[in-house]
Amino acid sequence: PDNARETMGTLSADAFAAYRALVWEDGRFEAFFRHFTPIEELALFEIGSRPARRPEGGELLQSLRAIPWVFAWTQNRCILPAWYGCGTAFAGADLGELRRLYRGWAFFRSLVENLEMTLAKSSLEIAAGYLDLVDDASLYEPIRAEHERTVHAVKEIVEAQELLDRHPVVQRSIHLRNPYVDPMNAIQVELLRRWRETGDEEVKRPLLRSIAGIAAALRNTG
């Protein structure tokens, strides 16, 4: 459509800047990520063709591979890499133009609907339970606010009251599945606390099972 490339260029630049400001430019982020997600514990799994981090080493974020990066955020139900920055980008754009592109451009419609699916699977309420594992929780509020902005923007673009209103079968599937996943997250928080405090080998197996169970239930890993 007319002006679509220009609009996408602006959206991409704004989302990119917001994402980097959190992940790469905020000195609090790495420690927050390390404690807020089970990223270190993923290495306990002896699966995959490659280790979670590149052998050349370096800081966590520089050496971490893409799949464990997303997997870790999926475990605590935040799923941050899929949506962070989108709310800021959409908020700075013209809503009428975004709706026009959604209705008339398959690429943009697919982007928004994939974003909508991810947001429906996320739960910042569940993610907040992992704050018990964090020393400095000050980054949670900007993350929560960006999630709220993104959910609001997506519902405005697709003109729906709730996420996935146009896909009732998928919506119902997520609503039915989530109550069974929520207790696993609560259990995982306690297991992570015990493992990090004691390194008790008796905690290791149930912790790994909690990771596998959440991944299977959400049908997403990384």
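We count residues from 1, following the sequence as given.
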Under the side-chain contact (heavy atoms from CB on, under 4.5 Å) test against Gln188, which residue among Arg193, Glu41, Gln75 passes? Gln75

Under the rule for ring-ring contact (aromatic ring centres under 6.0 Å, His included), what residues qualify as partners of Phe16, not counting sequence neighbours? none

Could you check whether [X] pairs with [Y] (Lys NZ or Arg NE/NH1/NH2 to Asp/Glu carboxylate O, under 4.0 Å)?
{"X": "Glu113", "Y": "Arg109", "result": "no"}
{"X": "Glu141", "Y": "Arg144", "result": "yes"}
{"X": "Glu116", "Y": "Arg166", "result": "yes"}

Would you say that Leu139 contacts Phe36 through its side chain, given a criterion of any heavy-atom pair below 4.5 Å between the two side chains? no

Under a 4.5 Å cut-off applied to non-hydrogen side-chain atoms, are Leu98 and Leu11 in contact? yes

Before you tell me yes or no, could you show the steps for Trp24 and Phe29 under ring-ring contact (aromatic ring centres under 6.0 Å, His included), namely the whole-Å CA-CA distance, both residues' side-chain angles and the distance that decides it to 0.1 Å? CA-CA 8 Å; Trp24 293 108; Phe29 182 80; 8.5 Å; no

Salt bridge (Lys or Arg N to Asp or Glu O under 4.0 Å) with Asp26: which residues, sequence neighbours excluded? Arg28

For Asp165, give me all partners under salt bridge (Lys or Arg N to Asp or Glu O under 4.0 Å), at least two apart in sequence or on another chain. none

Just verifying a value: how many Å separate Asn114 CG and Leu119 CG, rounded to the nearest 0.5 Å? 11.0 Å

Assess whether atom CZ of Arg205 is packed by more than 12 heavy atoms of other residues, nucleotides or ligands within 6.0 Å. no

Just say parallel, tilted or perpendicular for the rings of Trp83 and His147, cut-offs at 30° and 60°. perpendicular

Pair Glu159, Tyr102: side-chain N/O donor-acceptor within cut-off below 3.5 Å: no

